[in-house]
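See below for the structure under consideration.
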Amino acid sequence: MSTLLDQTDRDVILQRLQRMTPDRTPSWGTLTAPRLLCHLADQLRVALGLIPVARHDTLLSRTLLKWLVVDSPFQAPPGKVLTAPEMVTSAPTSWSGDMETVRTLIRRLATTPTTAIHPMFGPLTHDGWCRLAWKHLDHHLRQFGL
């Protein structure tokens with residue numbers, strides 16, 4: 001499975017991200033490209049433990065749902081997936097600055113061991129966070145046709 005821990009997988013994500021433009025429109029959902037960068041940065045900050053989250057995990061979400069989303073090869077289907085409020089807290093500033101923030105956070109997550117808490121899946125290993133972040137980035141890049 002793809003992960004930010006793998007240099008090639010990470011480079012592919014970074015290249016796809018670099019093709020994003022501020023006026024690009026999504027195939028589904030209501031996110032604008034500038035809001036997407038903020039959302040991606042917030043999710044990466046949660047993964048790094050920089051934004052604390054309120055836990056809403058249950059036995060089912062820590063086991064079956066976590067396996068399905070984090071550990072299985074299945075990708076999220078197109079469409080709205082409920083997100084934690086902590087992952088939509090930032091507001092756009094400048095396109096180039098926000099883009100560089102996301103790129104920096106991707107590299108940082110890949111090289112900084114973390115065991116931060118996910119609001120739905122509970123504690124994740126560094127490997128789990130890097131797989132989930134890759135899947136999350138891929139989902140949104142597909143949303144924008146990248």
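In this chain, numbering begins with 1 at the start of the sequence shown.
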*Evaluate the side-chain contact (heavy atoms from CB on, under 4.5 Å) criterion for residues Arg45 and Ser90: first the C-alpha distance (whole Å), next the side-chain angles of each, then the deciding distance (0.1 Å), finally the verdict.*
CA-CA 11 Å; Arg45 288 182 185 110; Ser90 297; 3.3 Å; yes
_Rounded distance [0.5 Å steps], CE in Met20 versus CD in Gln18_ = 11.0 Å
*Checking side-chain hydrogen bond (donor to acceptor under 3.5 Å, both in side chains) for the pair Asp23/Thr21: CA distance, chi angles, key distance, verdict?*
CA-CA 5 Å; Asp23 58 345; Thr21 59; 2.9 Å; yes
*Using a 4.5 Å cut-off on heavy atoms from C-beta on, say whether the side chain of Asp98 contacts that of Cys38.*
yes
*Are the charged groups of Lys135 and Asp138 less than 4.0 angstrom apart, N to O?*
no
*asked:* Using only atom types and a distance under 3.5 Å, with no angle test, would you say the side chain of Thr112 pairs donor to acceptor with the backbone of Leu109?
replied: no
*Taking all heavy atoms of Pro119 and all of Ala54, pick out the closest pair and write down the distance.*
CB-O, 3.5 Å
*I would like to know whether Leu50 and Arg108 meet side-chain contact (heavy atoms from CB on, under 4.5 Å); could you show each step before the answer?*
CA-CA 12 Å; Leu50 301 173; Arg108 185 172 171 192; 3.7 Å; yes
*I would like to know whether Arg62 and Phe121 meet side-chain contact (heavy atoms from CB on, under 4.5 Å); could you show each step before the answer?*
CA-CA 5 Å; Arg62 284 189 312 272; Phe121 307 134; 5.8 Å; no
*Go through the steps to decide whether Ile106 and Ile13 satisfy the test side-chain contact (heavy atoms from CB on, under 4.5 Å), and finish with yes or no.*
CA-CA 9 Å; Ile106 288 170; Ile13 283 288; 4.2 Å; yes
*So how far is it from Leu64 CG to Leu59 CG, rounded to the nearest 0.5 Å?*
10.0 Å
*Do the non-hydrogen side-chain atoms of Leu124 and Lys66 ever get within less than 4.5 Å of each other?*
yes
*From Arg19 CZ over to Phe144 CZ, what is the distance, rounded to the nearest 0.5 angstrom?*
14.5 Å
*Do any N or O atoms from the side chain of Thr101 and from the backbone of Gly97 form a donor-acceptor pair under 3.5 angstrom?*
yes
*asked:* Whether the side chain of Arg142 engages the backbone of Ser27 through a donor-acceptor N/O pair (distance < 3.5 Å, no angle test) should be reported.
replied: no
*Using modelled atom types only, decide if a donor and an acceptor are shared between the side chain of Arg10 and the backbone of Arg107 within a distance under 3.5 Å.*
no
*Donor-acceptor under 3.5 Å (His39 side chain, Thr89 main chain)*: no
*For the pair Phe74 and Trp67, name the ring-plane relationship: parallel under 30°, tilted 30 to 60°, perpendicular over 60°.*
perpendicular
*Evaluate the criterion side-chain hydrogen bond (donor to acceptor under 3.5 Å, both in side chains) for residue pair Glu100 and Thr104; output intermediate values, then yes/no.*
CA-CA 6 Å; Glu100 188 53 36; Thr104 298; 3.2 Å; yes
*Check: Asp9 side chain, Leu4 main-chain N or O, donor-acceptor pair, under 3.5 Å*: no
*Are Val12 and Val102 co-members of a hydrophobic cluster defined by side-chain heavy atoms under 4.5 Å apart?*
no
*Pro34 side chain reached by Arg24 side chain, heavy atoms, under 4.5 Å*: no
*Whether Trp129 side chain and Leu48 backbone form a donor-acceptor pair below 3.5 Å*: no
*Tell me yes or no: between the side chains of Gln15 and Asp11, is some donor less than 3.5 Å from an acceptor?*
no
*Do the side chains of Thr25 and Thr32 get nearer than 4.5 Å, heavy atoms only?*
no
_So His126 and Leu5, do their side chains get closer than 4.5 Å, heavy atoms only?_
yes
*With a 4.5 Å heavy-atom cut-off, do Met99 and Ser94 have their side chains touching?*
no
*Would you check, one step at a time, whether the test side-chain hydrogen bond (donor to acceptor under 3.5 Å, both in side chains) holds for Thr30 with Arg35?*
CA-CA 9 Å; Thr30 59; Arg35 288 290 305 139; over 6 Å; no
*If the plane angle is over 60° it's perpendicular, under 30° parallel, otherwise tilted; pick one for His140 and His136.*
perpendicular
*Salt-bridge test for Asp71 and Arg131: reply yes if a basic N is under 4.0 Å from a carboxylate O, no otherwise.*
yes
*asked:* Donor-acceptor pair, distance only, cut-off 3.5 Å: does the side chain of Thr114 make one with the backbone of Ala47?
replied: yes
*Would you check if Met120 and Arg55 make a side-chain contact, meaning some heavy-atom pair closer than 4.5 Å?*
no
_Quick check against the 3.5 Å criterion: does Gln143 have a side-chain atom that pairs as donor or acceptor with the backbone of Pro26?_
no
*Flag the pair His118 / Asp57 as yes when at least one side-chain heavy-atom distance between them is below 4.5 Å, and no otherwise.*
no
_Looking at every non-hydrogen atom in both residues, tell me the closest pair between Leu141 and Leu17 and how far apart they are._
CD2-CA, 3.9 Å
